[in-house]
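Everything below concerns the one structure shown next.
Just so it is clear: chains get the letters A, B, ... in the order the sequence lines come, proteins before strands, and each one is counted from 1.
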4 protein chains.
Amino acid sequence: MVGRPRSETSRRAILRAALDLCERDGYQNVTLKGIAQAAGTGRQTVYRWWRTKAEVMIEALTAFVEAPTGSEDLRTFLLETFRLSGGAVGGVIVGLMADAQSDEAFAVRMRGFIDSRRRALHAVLARTLSADVDLELAVDMVFGAMWYRLMNRHAPVDESLADDVTAMLARLSS
Amino acid sequence: MVGRPRSETSRRAILRAALDLCERDGYQNVTLKGIAQAAGTGRQTVYRWWRTKAEVMIEALTAFVEAPTGSEDLRTFLLETFRLSGGAVGGVIVGLMADAQSDEAFAVRMRGFIDSRRRALHAVLARTLSADVDLELAVDMVFGAMWYRLMNRHAPVDESLADDVTAMLARLSS
Amino acid sequence: MVGRPRSETSRRAILRAALDLCERDGYQNVTLKGIAQAAGTGRQTVYRWWRTKAEVMIEALTAFVEAPTGSEDLRTFLLETFRLSGGAVGGVIVGLMADAQSDEAFAVRMRGFIDSRRRALHAVLARTLSADVDLELAVDMVFGAMWYRLMNRHAPVDESLADDVTAMLARLSS
Amino acid sequence: MVGRPRSETSRRAILRAALDLCERDGYQNVTLKGIAQAAGTGRQTVYRWWRTKAEVMIEALTAFVEAPTGSEDLRTFLLETFRLSGGAVGGVIVGLMADAQSDEAFAVRMRGFIDSRRRALHAVLARTLSADVDLELAVDMVFGAMWYRLMNRHAPVDESLADDVTAMLARLSS
DNA sequence: CATTAACCGAGACGGTACGTCCTGTCTTAAC
DNA sequence: GTTAAGACAGGACGTACCGTCTCGGTTAATG
């Protein structure tokens with residue numbers, strides 16, 4: 001038999017509440033209880049479909065945030081990427097990373113999320129850099145710089161970073 | 001009057017227990033209660049000297065981990081740095097970063113910790129790269145790559161990363 | 001149109017499961033969810049026909065347990081009654097009584113159940129005791145002794161109780 | 001070492017709240033959560049000292065309700081006993097009995113509580129009835145009648161019951 | 001060398017989130 | 001229109017940790 005179908009309304013309310021609370025209180029201070037409450041849903045409804053706060057958040061990110069595809073030129077790609085990672089998203093993904101440290105099952109899931117972004121940047125760099133550059137490392141350094149600034153906040157992740165990184169990479173192919 | 005002096009034994013037992021538990025259970029799963037218990041100390045003794053788990057951890061890191069000074073050549077510096085950040089320390093600093101996201105007071109403290117490492121790398125790169133390279137961005141990209149791998153673990157932070165980064169930077173000055 | 005008729009199979013399965021679970025886990029630990037599951041029936045099917053666990057139980061009792069009629073002599077009546085009230089039934093009716101304490105609607109229903117037994121004993125005692133004995137009180141004391149032992153279990157509800165009560169009542173008419 | 005001593009204030013507030021809520025909502029509808037809340041105490045403080053709602057209630061009864069001693073004459077003893085068992089106490093002890101059905105450990109504890117009352121009545125009856133009456137059974141029938149009425153509420157537990165029981169017992173010794 | 005004040009361990013305090021279970025209702029497709 | 005299935009909002013369960021507090025007991029510099 002079939003049973004009552006899953007409520008799409010509740011699902012979206014939960015994902016939306018997750019991001020909203022994250023923006024308001026910071027990832028660490030968001031609780032599943034709080035998400036359920038804010039979404040006007042029962043706590044069990046959250047637990048039925050997600051195991052942890054991190055699972056909710058990662059689905060919320062994929063649901064509400066569309067990533068660059070890798071078909072743009074380098075500077076455009078970086079601009080788009082950096083714009084997205086500012087705001088709430090940056091805080092969320094840093095928190096997710098922290099949770100992934102102590103939950104290997106989730107770390108794998110997280111890696112999948114990250115890899116799709118890596119592949120996109122990889123595609124862009126493959127078209128941009130000369131053939132003898134270590135593309136994997138280049139990806140690590142570009143995204144690394146972004147993450148590093150997102151976390152430590154010693155400098156902004158903005159247009160000028162996109163320019164500077166583009167310029168730096170240009171030197172590699174000269 | 002002066003009263004009983006602080007017990008150095010307890011202090012060291014707490015810092016030691018903090019790192020040990022972190023290695024065993026992961027930063028997220030360590031509790032102040034657990035640290036006090038493992039250190040054979042009262043809970044209040046921890047709270048008397050530190051405000052949060054993060055404060056304990058960051059002091060534990062500075063107490064037990066001596067960092068490269070920046071007087072070495074680039075490859076040696078990176079080797080030493082990457083060796084340190086592997087093992088337990090990597091997990092700890094990622095956890096600390098996560099906590100810093102939602103505690104600005106602690107974020108400032110954390111930034112101080114990070115900046116000392118940045119200055120050291122900056123000094124090394126200043127001696128290594130040609131004068132027209134954006135050193136700050138270079139620091140971001142090198143440490144960024146390290147952090148990015150520490151968090152996402154799609155690739156190790158090891159000797160070969162040190163080699164590859166050294167080679168990549170060499171291209172910038174050619 | 002009339003639609004699908006009520007499933008007698010489900011009804012009996014539910015009542016049977018109710019008593020079985022009661023015997024296995026004790027009245028307090030039985031849940032409507034558990035009953036439905038054990039009966040292989042949907043949960044709504046239970047709620048459609050009964051309001052509460054107590055309603056199910058009381059119907060299960062009346063469906064599967066046939067009581068003495070009051071046409072026997074005193075000792076036989078007591079023997080039969082006490083035999084019935086041992087086993088699972090005792091536990092069930094004590095649980096029902098407890099539920100009745102906080103649900104007056106159900107308490108009324110329960111009283112009807114109890115009263116039928118009271119009338120039967122009353123009939124027997126009317127034939128047995130001399131005319132000037134307070135029969136209502138006598139019923140209270142006889143059934144009371146039984147209930148008291150069922151609940152507190154300081155002594156069994158068995159043949160020797162039937163004998164002793166019979167003897168005690170005999171003294172009242174001497 | 002010693003640690004902070006138990007708070008007598010909290011203990012009394014919890015026991016008091018337990019009885020009050022019982023009187024207001026009925027034993028079945030009282031929750032440990034509700035007791036803690038009403039007592040202005042943390043939930044863990046209840047769990048620290050009692051395993052279940054039943055344990056709290058039975059201690060509340062012994063703390064706030066002083067029982068007849070058995071030194072009175074029969075009618076006085078019964079009056080006192082029945083007066084006590086009216087009101088909230090009756091509902092409480094019926095609920096306790098129900099819980100005891102599915103928790104043997106607690107049933108033992110409950111039996112101890114009941115036995116002290118039985119011994120008192122036994123002492124009274126020993127002075128009142130002629131020597132050849134089965135005292136244990138007499139206790140069962142007297143307390144049984146009381147319990148039976150408390151639970152089923154087909155008749156009150158009051159002064160007239162005390163009179164009637166006294167009269168009934170008098171016939172046994174004639 | 002006694003006083004004394006800050007330290008220490010232990011552990012209870014009021015709170016809050018956890019993850020689980022059950023309640024009573026609702027919504028499907030199947031019969 | 002009843003059925004089995006199962007999701008829904010809600011709320012209590014018992015546990016764990018938080019950060020605070022209150023104990024008795026322990027140091028060492030001060031007076």
> Would you say T41(A) reaches dA9(F)'s phosphate, i.e. side-chain N/O to OP1/OP2 under 4.0 Å?
Replying inline: yes

>> Measuring from the side chain of K33(C) (C-beta onward, heavy atoms only), which nucleotide among dC18(F), dC18(E), dT23(E) has the closest atom?
In response: dT23(E)

> Can you find a donor-acceptor pair, distance only, under 3.5 Å between R4(B) side chain and dT26(F) base?
Replying inline: yes

> Just to confirm, is there a sub-4.0 Å distance from OP1 or OP2 of dG24(E) to any side-chain nitrogen or oxygen of R43(C)?
Replying inline: no

>> So that I can tick it off, tell me whether R24(D) and D20(D) are bridged by a salt bridge, with the cut-off set at under 4.0 angstrom between side-chain N and carboxylate O.
In response: no

> Does S10(B) make a side-chain N or O approach to OP1 or OP2 of dG9(E) shorter than 4.0 Å?
Replying inline: yes

>> Base, sugar-phosphate or nothing for G34(A)? Non-hydrogen atoms, less than 4.0 Å.
In response: nothing

> W50(B) side chain N/O closer than 4.0 Å to the phosphate oxygens (OP1, OP2) of dG19(F)?
Replying inline: no

>> Please tell me if W49(A) has a side-chain N or O lying less than 4.0 Å from either OP1 or OP2 of dG6(F).
In response: no

>> Check this for me, if you would: do D103(D) and R51(D) make a salt bridge, where the nitrogen-to-carboxylate-oxygen distance has to be below 4.0 angstrom?
In response: yes

> Within the modelled atom types, does a donor on one side and an acceptor on the other bring the side chain of Q44(B) and the base of dC8(E) under 3.5 Å apart?
Replying inline: no

> At under 4.0 Å, does any side-chain N or O of R48(D) touch on OP1 or OP2 of dC13(E)?
Replying inline: yes

>> Could you tell me how far apart I35(A) (CD1) and dG19(E) (P) are, to the nearest whole angstrom?
In response: 11 Å

>> On DNA chain E, compare the nucleotides closest to L32(A) and R6(D); which residue's is nearer the 5' end?
In response: R6(D)

> Taking CZ from R11(C) and P from dT2(F), how many angstroms apart are they, rounded to a whole number?
Replying inline: 16 Å

> Does the cation-pi check pass for R11(C) over W49(C), that is, NZ or CZ under 6.0 Å from the six-membered ring centre and within 45° of its axis?
Replying inline: no

> Closer than 4.0 Å, any side-chain N/O of T31(D) to the OP1 or OP2 of dA12(F)?
Replying inline: no

>> If I take atom CG in residue D103(C) and atom P in nucleotide dG24(E), what distance separates them, rounded to the nearest angstrom?
In response: 11 Å

>> Is the phosphate of dA12(E) approached by T45(D) (side-chain N or O, under 4.0 Å from OP1 or OP2)?
In response: no

>> So that I can tick it off, tell me whether E104(A) and R111(A) are bridged by a salt bridge, with the cut-off set at under 4.0 angstrom between side-chain N and carboxylate O.
In response: yes

> Between atom CG of L32(B) and atom NZ of K53(B), what is the distance when rounded to the nearest 0.5 Å?
Replying inline: 7.5 Å

